[in-house]
Amino acid sequence: MRVPAVTAVAIGAAVWLAAGAARADGELAMRGVYYKEKATRVVQPMLDARFDVGDAGQVDAHLLVDAITSASVASGSSGIAFSERRYEAGGGYLDRRGRWGYGASGRLSREPDYTSLFGGLRGDVALADDNFLLGVALGAGHDSISNAGAAMMMGTPLSGTMTTLLASVSASQIVSPRLVVGLTYDVSRLDGFQENPYRSVITAEGLVMERHPQTRRRQAWAASARWFVGRTATTVIASHRVYVDDWGIVAHTPELRVVQEAGDAADVAIRYRYHHQSAADFYLPSYPSADPSDFPYLTDDVKLSAFTSHTIGFKVGVFGRAFGLDGALGDARGEVEFEYVDQNNRFGNAGIANAALILPIR
Amino acid sequence: MPAVSRLRARLVKALCVCSIAAATSACARVRPYQRQDLARRAMVEDRGAGDRRFHQHQTGAREGADGGTGEPGGGCGCN
């Protein structure tokens with residue numbers, strides 16, 4: 001972790017100095033996440049910077065490292081233990097002039113056996129005296145996948161590529177001085193290699209590498225509402241997401257977050273998220289035959305099985321002014337969050353700890 | 001018509017109806033000077049960019065149901 005930490009600090013310092021030199025407003029967030037489940041542990045330090053440019057522009061950038069240790073390269077099934085790092089960098093620009101907003105963003109993620117590049121464009125327009133916002137986003141990605149992370153142990157080298165196309169439409173409406181509602185519709189098409197190159201499936205003929213369809217069309221609808229209760233200074237955020245794809249998965253994910261202000265220097269939040277999904281049409285725990293004419297597709301992917309998960313979380317956020325600091329340090333914010341995921345699948349339950357320091361740039 | 005197609009058609013219809021209703025609704029227009037509560041931190045965005053990105057990545061790696069956020073999921077070696 002030594003080199004990424006040094007790199008992150010160097011980039012953070014550069015962003016801070018550059019923004020300061022340009023007299024730009026913005027913020028720099030340093031965050032670390034620890035994720036632990038039965039067979040997998042992830043440590044993810046990340047750095048996010050956002051600052052204003054010119055009269056109407058805003059630039060954001062991020063850098064992160066995933067340090068992943070798992071009992072299996074196939075993420076959950078019995079197999080070969082592995083440890084690897086994933087590096088991701090991304091950035092975007094958003095410009096808002098009058099009622100119109102438009103922007104572009106890009107992201108590169110790289111690890112020994114998976115490289116992903118994604119770029120997107122977005123635009124929005126504010127209508128009805130800025131009470132209604134309609135947005136559109138388009139994106140395209142290219143992923144390269146291989147079993148290079150454990151090719152020596154796997155024997156046969158495997159590799160493939162996948163392209164992703166995404167379109168999204170969103171709308172939000174201010175309903176009252178304390179209530180905003182929103183809707184989002186996403187559709188994406190994945191085309192190419194979608195198997196895990198390490199994962200094999202139990203069949204009557206023995207272990208066989210999994211076979212997935214070449215294409216997948218995914219659709220998701222999400223509705224949300226944010227309501228501020230003035231008497232208690234409480235914000236209630238409720239959402240429900242419905243997902244359908246042509247592999248046969250249907251999922252429902254309602255979520256509720258409640259943020260309670262404690263004066264102007266601190267807040268606490270609780271979160272509950274429920275997720276239930278059906279299995280992909282071709283998912284079986286084991287297959288009576290590996291013959292492609294009987295079973296063209298085979299998978300041992302837990303993500304394609306039917307399961308239910310419950311997530312509960314608790315977060316505390318405190319500004320520097322709570323400790324008597326003023327100026328930029330008074331507006332600096334610290335956050336600590338703990339979450340527990342209860343899921344009835346082979347991944348098992350998970351715990352997540354998340355801490356951040358967010359510094360304003362002036 | 002398969003159940004999934006029927007559900008999809010209903011949801012598309014619902015989305016269209018809600019969007020049109022929202023766009024043309026008779027909601028009283030909220031003026032800029034009435035928006036101090038809408039500008040509160042939790043009303044604008046209660047989660048930071050890194051927090052959102054991590055959770056999207058985590059659910060992308062552990063659930064088969066990405067989407068609904070207007071952002072790409074996956075791209076993470078989580079095939």
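This is a predicted model, so every value here is computed, not measured. Both backbone and side-chain heavy atoms feed into the values below; hydrogens, waters and symmetry mates do not.
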Next on the checklist: Among B:Gln34, B:His55, B:Gln36, which residue has the highest count of heavy-atom pairs closer than 4.5 Å to chain A?
Outcome noted: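 Counting heavy-atom pairs under 4.5 Å, the top option is B:His55.
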Next on the checklist: Only pairs of heavy atoms separated by less than 4.5 Å count here; which of B:Arg35, B:Gln58, B:Arg31, B:Arg53 has the most with chain A?
Outcome noted: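 Most heavy-atom pairs within the cutoff with chain A belong to B:Arg53.
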Side chain, backbone, both or neither: which part of [X] has a non-hydrogen atom closer than 4.5 Å to chain B?
X	value
A:Ile352	side chain
A:Val236	neither
A:Arg178	both
A:Tyr35	side chain
A:Asp60	neither
A:Leu190	neither
A:Arg257	side chain
A:Asn354	side chain
A:Ser309	side chain

Checklist entry - Are the ring centres of A:His212 and A:Trp247 closer than 6.0 Å? => result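 Between A:His212 and A:Trp247, the centre distance is under 6.0 Å.
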Checklist entry - Are A:His275 and A:Phe307 near enough that their ring centres are under 6.0 Å apart? => result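 Yes, close enough.
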Treating [X] as the side-chain partner and [Y] as the backbone partner, does any N or O pair qualify as donor plus acceptor under 3.5 Å?
X	Y	value
A:Gln343	A:Gly348	yes
B:Asp37	B:Arg40	no
B:Glu45	B:Arg47	yes
A:Asn131	A:Asp129	yes
A:Gln277	B:Gly64	yes
A:Asp66	A:Ile68	no

Option in [options] with maximal non-hydrogen atom pairs under 4.5 Å from chain B:
options	answer
A:Asp130, A:Leu64, A:Leu304, A:Val180	A:Asp130
A:Glu335, A:Glu337, A:His142	A:Glu337
A:Thr115, A:Asp48, A:Val341	A:Asp48
A:Val33, A:Ile249, A:Val259	A:Val33

Next on the checklist: On the six-membered ring of B:Phe54, is A:Arg31 placed so that its NZ or CZ lies under 6.0 angstrom from the centre and within 45° of the ring axis?
Outcome noted: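 No; the conditions do not both hold, so A:Arg31 does not lie above the ring face of B:Phe54.
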Checklist entry - Can you name the residues that form a salt bridge (Lys or Arg N to Asp or Glu O under 4.0 Å) with A:Asp124, not counting sequence neighbours? => result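 If we apply the salt bridge (Lys or Arg N to Asp or Glu O under 4.0 Å) test to A:Asp124, skipping adjacent residues, the hits are A:Arg96.
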